[in-house]
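To start, the structure itself, in structure tokens.
Read the numbers this way: they start at 1 and go in the same order the structure lists the ligands and their atoms.
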Amino acid sequence: MITEQECLERDARDPLRRLRALFQLPEGQVYLDGNSLGPLPAAMPARLREVVEQEWGQALIRSWNDAGWIDLPQRVGGKIAQLIGAAADEVVACDSTSVNLYKVLSAALSVARGRGRDRIVSERSNFPTDLYVAAALAERHGMQLVLADAEDIPALLDARAAVLMLTHVDYRSGRMHDMAAMTRLAHDAGALAVWDLAHSAGAVPVDLNGAGADFAVGCGYKYLNGGPGAPSFVWVHRRHHDLRQPLAGWMGHAAPFDFQTDYAPAPGIARYLCGTPSILALSALECGVDTVLAAEPLGGVAALRRKSLALTDLFIELVEQYCAGHGLERVTPLAPEDRGSQVCYTRGEGGYAIVQALVEHGVIGDFREPDILRFGFAPLYTRHVDVWRAVQALREVLESGQWREPRFSRRAAVT
Ligand SMILES: *Cc1c(COP(=O)(O)O)cnc(C)c1O
């Protein structure tokens, strides 16, 4: 049996242990929801105060040039690029994931048009916003969105497939796709591959150029710790840099301050910008991305991945040891190459209430419809002893049946 002492010893040996100090984490809580909203980087309040009081308050409009505001989407994008196997000038940070997906999917579909391809292929369990955006675009282009379970997707990659659109790590199950293999299948069929990295960027190694992917988007407020509603990011392979995206706005113009009547897209990834960037949000996101880049001298994403697997392995093992017989069924695959940085379980009943009861024990995970208990293990700040505490709390909640108290079943607006 693994003991608390053993977990503490693993923490003492953890080469990334010092990175936890980069965050302001509330005392006495175990936060296993960094895959939904990353915690507050310790540097962020002072940095935002500086942006607000100095750059905005004192320097006013001059800061667009003097503080480099105008380049912030590229600067932050360039930092994110290091985490996803992209070149610095291939990524910009802007807008939301949903909006960026609309842009790249539109660009991808513009390639397919005229080739008699009329299908967007995706996974049935994909995140709803991705499916909504794809369905709306399919309808507008007279195409079809075709959904399947992961195993059945290869069979759909045929002469009708225009685009394969996948989320790298499934938000519910934590299952991870082999990006290179799926991209190859799409290309072999003559389709393009669009990837959503919402649950991968900053948590698992991603090599977009290595995989030969075509387009990607990702989320700023999950493992990148950019704060609630942080800007998203968008990557486009260089071979597609001449394609247009439909949200033509002045910030994506080749010369925004020439104020020309006609739109001329900027060369490269800058054309994926649309309106004026949110400087406060991008400044916060930069602090968040910097927390992930702080792992670079310690081995970078590869080291984060090693620790993430150590934490998730430990959680799975401890749940088996301490929570057996309570009806929890693991949904997340066991093989490391098949999973991201979260572990999920189903249970016949009580999933939502169990997650709520855990909050009272200082353990924050989350629940996803219809019946998923989801626990994310962000390797930057999660300790082995946190995993221990979470499993002990879970055992208590299950053994005591405390979750059956009606107050734990009341639903809030956000789950
Ligand atoms: C979190 C998440 C999003 C969020 O999109 P927003 O536009 O930021 O609300 C999109 N797709 C996936 C797969 C996600 O996990």
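- Look at Arg17 and Asp11 and you find no salt bridge, because none of the NZ, NE, NH1 or NH2 atoms lies under 4.0 Å from a carboxylate O.
- Seen from the ring of Phe127, Lys222 counts as a face-on cation partner, given the 6.0 Å and 45° thresholds.
- Sorted by chain and number, the heavy-atom contacts of ligand 1 below 4.0 Å come from Ser96, Thr97, Ser98, Phe127, Thr129, Asp130, Thr167, Asp196, Ala198, His199, Tyr221, Lys222.
- Judged by the 6.0 Å distance and 45° axis criteria, Arg368 is not positioned over the aromatic ring of Tyr171.
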(request) Apply side-chain hydrogen bond (donor to acceptor under 3.5 Å, both in side chains) to the pair Ser122 and Asn126, showing each step before the final yes or no. (result) CA-CA 7 Å; Ser122 193; Asn126 203 342; 3.0 Å; yes
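- The number of heavy-atom neighbours closer than 6.0 Å to OH of Tyr132, taken from other residues, nucleotides and ligands shown, is 12 or below.
- Listed by chain and number, the residues in a salt bridge (Lys or Arg N to Asp or Glu O under 4.0 Å) with Arg238 are Asp89, Glu90 (sequence neighbours excluded).
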